[in-house]
Every structure is written in structure tokens, then in C-alpha cells.
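Working notes, beginning with the structure itself.
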Amino acid sequence: MKTIAPMQAERLFTHFLDPVDGTLCLPASATATDIHAQTAGHRLRFPLVLDPGATLREHTAAATHAPASCRFGPYCDNILGINWRLPGGRLARIGERVVKTTTGYDWLRFLLHSGRRFGEPVDYVLRLRPDCGFNIEARFEGDSQALRGCVSRLLHSGWMHWWDAVDFITQDAGSFVRVSIHCPSEEAPIFEQQLNRIAAETAAKLSVRHDAQPPLDGLPDVTVKTTPDRAISLAGQLAREAERCVALCYNGVVHVHLGEGEDMAGRAHSLMQPHIGELHALGGDWHSRWLPATPPSLTESQWLETLERTIHAS
Amino acid sequence: MNPLPLSSQLKQLLPRGRILDSPAQLAGYAADALGYKSYLPDAVVIPADADELVGFMKGARQLGVPVILRGAGTSLSGGPVAAQGGVVVHTSGLKRIREINVEGFWCEVECGVALNDLDAALKPHGVFYPPDPSSGPVCTLGGNVASNAGGAHCFRYGVTSNYVLGVEVVLLDGSVQRFGGPAGGRGPWREDWKRFMIGSEGTLGAFTRFWLRLLPLPEKVWTLRATYPDLRSIEAAIHALVAHSSYPAAIEMLDPRGVAMVETSQMAVGLPKGSFMLLLEIDGPPALVDARVGPVADLLRHAGSNDVVLSDQDAMRQKLWKARKAAGGLLGQLSPDYVVQDAVIPKSALADVLQLVYDEADAAGIRAVNVFHAGDGNLHPNFLFDSRVPGELEKVELISERLMRRVIEVGGTLSGEHGIGNDKSAYMPLVFGPDSMRLQWAVPAAFNPTHQLNPLKVFQNRRFAT
């Protein structure tokens, strides 16, 4: 087979909206509101939103998941490509604009939440989803046993694939389970029937709001990744020192909102100290947008230095 | 360099495992499912378990020959073959399913577990692991993770990289590293190193075990099959389906050449001559999918099909899948050799790129059959040829190159689920510019700087220098 000559320039993404493929390329400084303005007319949406006014770059710096990750997976499964500014200022294309790729090493998932050591995102290619036009927000209230029963029933059946979000929320006023559903309006009664069945089985109190906004909790101060079966109890423990904790139940993610105050970095650090050992043993992690990344071990430093030498050479 | 012969060194490294070195034994490891490119390894080793694999990797540097990790050898990219000679490490001894955690939606498995064996073990628990390459009965999870395998149900469920929570890997320095785990995060590391490991095609380390994410099993499945008279109408159906709220799990297509191949075989199912076949599935709770199936069937008819068949009964569903599943097997019967490409394109370019495949193949006198994952835009054009006929392989390579150039022009990529191996490595300069190419090379520079692990794969000039 003949040898193909190397390219002389990067094949960067240009901004586009492909309504057939359901993909959108736009600046990392775009907000969820900006995305909505471009996609709504094509009956498409980008569901992983935490704060409509925050930029995409701020979203991925603060969190790996959003409530709708229950159905659609983390940001790294919904951001297909990036134009990435290397530390020297040059741009490199990372990833693709199509939904599947196994072409080369997966720098996209490696870089997406890696902070600024390797540079920064300039543009993102997003995977969009059909906009069915109708949102339902359901809330289950009750005692701890009833709420845990609700979560178990919501997740351990084929219905789980169709909830946009199943979140266990702990705050001063108590705990509740929030379920977000996005569907055509004619399917709403089918979903409500199932929610009512779960409420009856668990003796939880159910309230349902039609045509609701998708959940917008704001950017978390701390994001924790554990296993799904540990997320609710971890959220309960962390909530003692925070204003609000949102456990994304299927993903095993806890978003901690510390509330107003000074020394956010110090508060985040001291909040997480007792939990780090268990998280690491499970292959979990945590990070805070107020704190720099953890220093690498000696082994990891050697790998990072090799990568950095290459990246800086660019 | 160790002065002992290779076989003696291997016996020291694998006191309990098997060492194969007779020509007849080695012949079974000369190729993967791609078939037509074969390379005899110097030896094959089968470690008895993970501990022995670790011991082997600790001594691998001293061997001074390439080391190629291999699961079942079902890959379609020329991946787990000894392209530069060396020792093939067959991981079939590592086949324990170590834990299934239903409450946590994860399982822990060794790399040699066959995909369908995992499915069978999970089913009684009401959960499943979604990636489903068609080699499921034999392919191993190690091979699936190494090539980031997909399958027919990727449209909704995604590929292997969406489900790997953690990887344990033995590096060439003999260290055993765990990246991630049941929780699917970084663990104690600063960076998420497992991302490089998934899809690395055996070029960074030897996998021992994985932590995989699970989903609850859907209770009910409707399978729908529709035929279309032309490319434009089936393309319209595909475009409508991917935007539909029913969110099908699979959207598969078989072109008229594939239909003809099935209908002239013993696997005939009565598809109209010259038709394009679309096969899809919707799954979920009965109340939901039963409400959705009517609108989906209407959508298929509205796009131009007057031949829509659907069923929620297992036996009938298997019949509807028969043509799609038979097509892959028939290719091997019809032709001594075939190349299957794996490009992914934006779906807006589907008809255009398929037409290019037909035009190029017809002009060269090469048979081309398309059976592929239409929902993902993941093409699998199969080019049938006979490598014994002078010039045929060169024709196929020329068609493949023109196809790949067009794929990249329309915004696509070389591989969606098969990996690059040595089959597509020549096309990598079409994808990566100077800076992104440097980033690509930085990864093996960190973990496998001499390229001893699986050389001549992924990048054409990744050669092991002893």
C-alpha cells in the first residue's frame, strides 16, 4: 500500500449546525442559551445543561455530568470534537464530528476535564438529541426508606432508559427525589401512570409538573464520582456541610453546592478530606472548580512530562 | 539481550501456561478475521492466569521481540497479528467474571471473557452490557476494549468506551496499574488515563481486567423491517428515524447487492429483488414501546416503503434479523477474500458516499456489498476479491483509498468500531494534521516508547527497533 503524504495544516472544525446528523459546532464560550437559540428551530436540543448562563467551557470545568446524563451519559459522550488551543497558541483538532470513532488514541476524553495544563478548548462539536417538545418534572417526597425505594424502582427496570434525570436532592428543607422526563406530549400519560405506580408501591408523595423546565441546579462547587449505590448516602453526608447536594443516582455523581461564603477552596478541600480514601479505592474521584488539580505521583509525572514535551513542541 | 533461545526464555516466564511454537499451531494465529493479511508469529503463549500474564510482561522487554496481545482474533482490522514477528499472547486463560454488582450497575471481568458469556451471566440479574459486535459468541472483552467495539445497537446505546469504568493494565515496565474502577472516575490519578487505554489496540499495555457499566434490561423489543426501492427513499427513512422521539436502539441497512446475496443463498427470506432493506428495533417498557411502534411503522411507510413487517415475538424477530445476520457469514462463502471498511460519515452524506462505493467498485470490476449501521452513519462496504488473482488486491486498496479520501472530505473518520490495525494505518495522515499527529504519537511515547507492543499497527511506521 502506498504511503500517503502527511497533511501540512490542521483540519480544524468550522462552526456549523448539521440538523440531519444532529451535530453543532460552536465556541466554547457559548452558553446553553446560545445553543438553544440555534437548535430549537430544528427540533433539536443539547440536554446536558446545569446553568443556562454559564459557558460550555465553564460547564466542563465544573462537572463531568449533568442531570440528563442519566439518559445520555457524561459530557465526554456528548461532546464529539474540540478545537484545542495548545500551550504554544496553535490549534489542534481533537475528536470528530461523527458519533462513533476509534481512529487513534482518545485525546478528547483525556483532555475534556483535564484543566489547563495541556491548553484549553476553543470550539466544541456537540451531539444533539431530538427535541420532543414536552417536559415533565416529578417530585417524590417521603421518609428516607420511601425515597430510596423510589430510586430503586426508577432505576431497576426498563423505564430507567427513558428518564432524563433521576436525582436525589438533599438540602435544609429535607430530601426529595426529582425525576425529569422529556417526551412527546401524547406519551405524558404513560409516564405518569408509571410514576403513580411507583408512588403507590413506596408510599411516597408524588407531585407532577407539566411543561416544566429541565432541572437547572447551577454549576456545582464540588463534583464527586462514586458508584450509583453509594451516591445517595454520600450526598447525605456531604449535605451536612453544604447548602445543597444533588445525587445523579444512576451515574453515581454528587454535585455539592456549598452556598455563599468565603474560602470556597478551603471549604471544598476540608469537605472532601474524609472521603478521599474510599473514593480512590472504588476508582472514583472528586474535583472542585475552586481548587487546582491534585499533584501527580512520580509515576504519573513521568507520563505527563512525556506528553507535555510533545505538546509544548507543538 | 538474553542468550537463551526464545522458547527457553518463554518457558521461564510461563511455568504454568502453554507455549505454542510448531508451524501448525502458529498458523492459527497468523491472521485475524480480516484474513487476507497473514504473518506467522515466532511463538504463541497462553498465560494460565492474570498473575502469569504479569510475570510474562515483566520479562517481555528482555525477549527483544514484538509482543502482540490477542483475544479471540475476531478483529477486522489486522490488529492482533505479528506484523513484525514476535510473540502473540493469547489471553484466553483470563476468563473469570469476578463480580456482578446489580445495585451499583457494574461488573468486574477478566479480559478473556467472551462477550456472550458475560451477557448470559448478567441476564438473570436483569441487567446487560450493551456493546454487541456480531462476533459476540467468541470475541473477548479484552479485544472489545482494545478496539472500542460497537455493534448493531450502538445508535442508542453507544460503543465500548461509553461503558468502561476502569481498566487494569500491565505496562512494559512490569507494573500493574489500575485506571478507574467500579466508580468509573480517575481513582487516585490526576488524569483519566483509562481514556488512552480504551481503543489502544494492544499498543500501550496488556489488559488483565475491566470494570464495566451495566444497564437494566429492556422488557420488550419490537423489530421492524422495511424495504425501499431506491437509495434516496431509504436515506429519507434513516434521517427521519434518527430524529424520532422513539429513539431506536438499532437502525441497520442492507443494500440491494446484499439483498441479492441473501436471496440467492439458502438463507433467503423473500426480500424484493433490487430493494434496500432497513431493520430497526425499539425497546423499553411494554406500555411505552407498544405506543410507539405504530408511529414508527407509519414513518417507515411515509418514507416510501410499502413493505413493512414488524413483530414483538422472539421467533419472528429472529426471522426479521436473519437477512442482516446472514449477510456477514455469506461474504466468506462467496469470495476467497474480502475487505470490510468501517468509516463513519455524517448521515447527510450517506447516499453520496454509497454511490461512490458503487461507482468505484463497478469501474474496477470488484463486487461490493453494503451492510451497515445506518443510524450511526457507520459504513461497512465489503469489497470481495481473490488475493491470488494478480492486481485484485491493488484494485481494492485503490478503491479503499478513494473512499477514505471522500469520507474525510465529508467530515467523517476512518473507523467507528473496528480499530485501525494495519489495515487502515496508511490512511491516518488523512485524519491528523501536524499537531494532532504529534499528540497521537505522544501516547505510545509515554507507555511503549520502543513500540515493542503491537508494532506496525495504528500508525504505519510504528516499528519496534530492537
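In the text below, chain A, chain B and the rest are named by the order of the sequence lines, each starting its count at 1.
Within the cation-pi definition used here (under 6.0 Å to the ring centroid, within 45° of the axis), A:Arg109 does not qualify as a partner of B:Trp193.
Contact check for B:Pro216 versus A:Met160: side-chain heavy atoms found under the 4.5 Å cut-off. Residues A:Asp229 and B:Asn101 meet the side-chain proximity criterion, which asks for heavy atoms closer than 4.5 Å. Proximity of A:Trp84 to B:Ser436: side-chain heavy atoms (C-beta onward) are nowhere separated by under 4.5 Å.
Ranked by heavy-atom pairs under 4.5 Å with chain A, the first of B:Leu350, B:Leu204, B:Val127, B:Asp342 is B:Leu204. Contacts with chain A were tallied for B:Thr203, B:Val431, B:Asp192, B:Val458; B:Val431 has the most, counting heavy-atom pairs under 4.5 Å. The candidate from B:Ala291, B:Gly158, B:Gly166, B:Ser161 with the greatest count of non-hydrogen atom pairs under 4.5 Å with chain A is B:Ser161. Annotation: maximal heavy-atom pairing with chain A below 4.5 Å, among B:Pro346, B:Gly180, B:Gly181, occurs at B:Pro346. Put simply, of A:Leu12, A:Leu111, A:Asp77, the one with the most heavy-atom pairs under 4.5 Å next to chain B is A:Asp77. Of all the listed residues (B:Gly199, B:Pro449, B:Ser245, B:Ser425), the one sharing the greatest number of non-hydrogen pairs under 4.5 Å with chain A is B:Ser245. Considering only heavy-atom pairs separated by less than 4.5 Å from chain B, the leading option among A:Gln8, A:Glu96, A:Gln193, A:His287 is A:Glu96. Between chain A and the options B:Leu393, B:Leu398, B:Val102, the largest number of non-hydrogen pairs under 4.5 Å is found for B:Val102.
Proximity to chain B (any heavy atom under 4.5 Å) is shown, for A:Glu308, by neither the backbone nor the side chain. Using a 4.5 Å cut-off between heavy atoms, A:Leu304 touches chain B through backbone and side chain atoms alike.
Salt bridge B:Glu191/A:Arg117: absent, no basic N to carboxylate O contact under 4.0 Å. Using a 4.0 Å cut-off between charged side-chain N and carboxylate O, A:Lys100 and B:Asp376 make a salt bridge.
Note that OG of A:Ser297 and CZ of B:Arg190 are 11.5 Å apart. Values are rounded to the nearest 0.5 Å. The CG atom of B:Leu439 sits 10.0 Å away from atom CZ of A:Phe118, with the distance rounded to the nearest 0.5 Å.
Among all heavy-atom pairs drawn from A:Val20 and B:Lys347, the shortest one is CG1-C, 4.2 Å.
Aromatic ring centroids of A:Trp303 and B:Phe179 lie under 6.0 Å apart.
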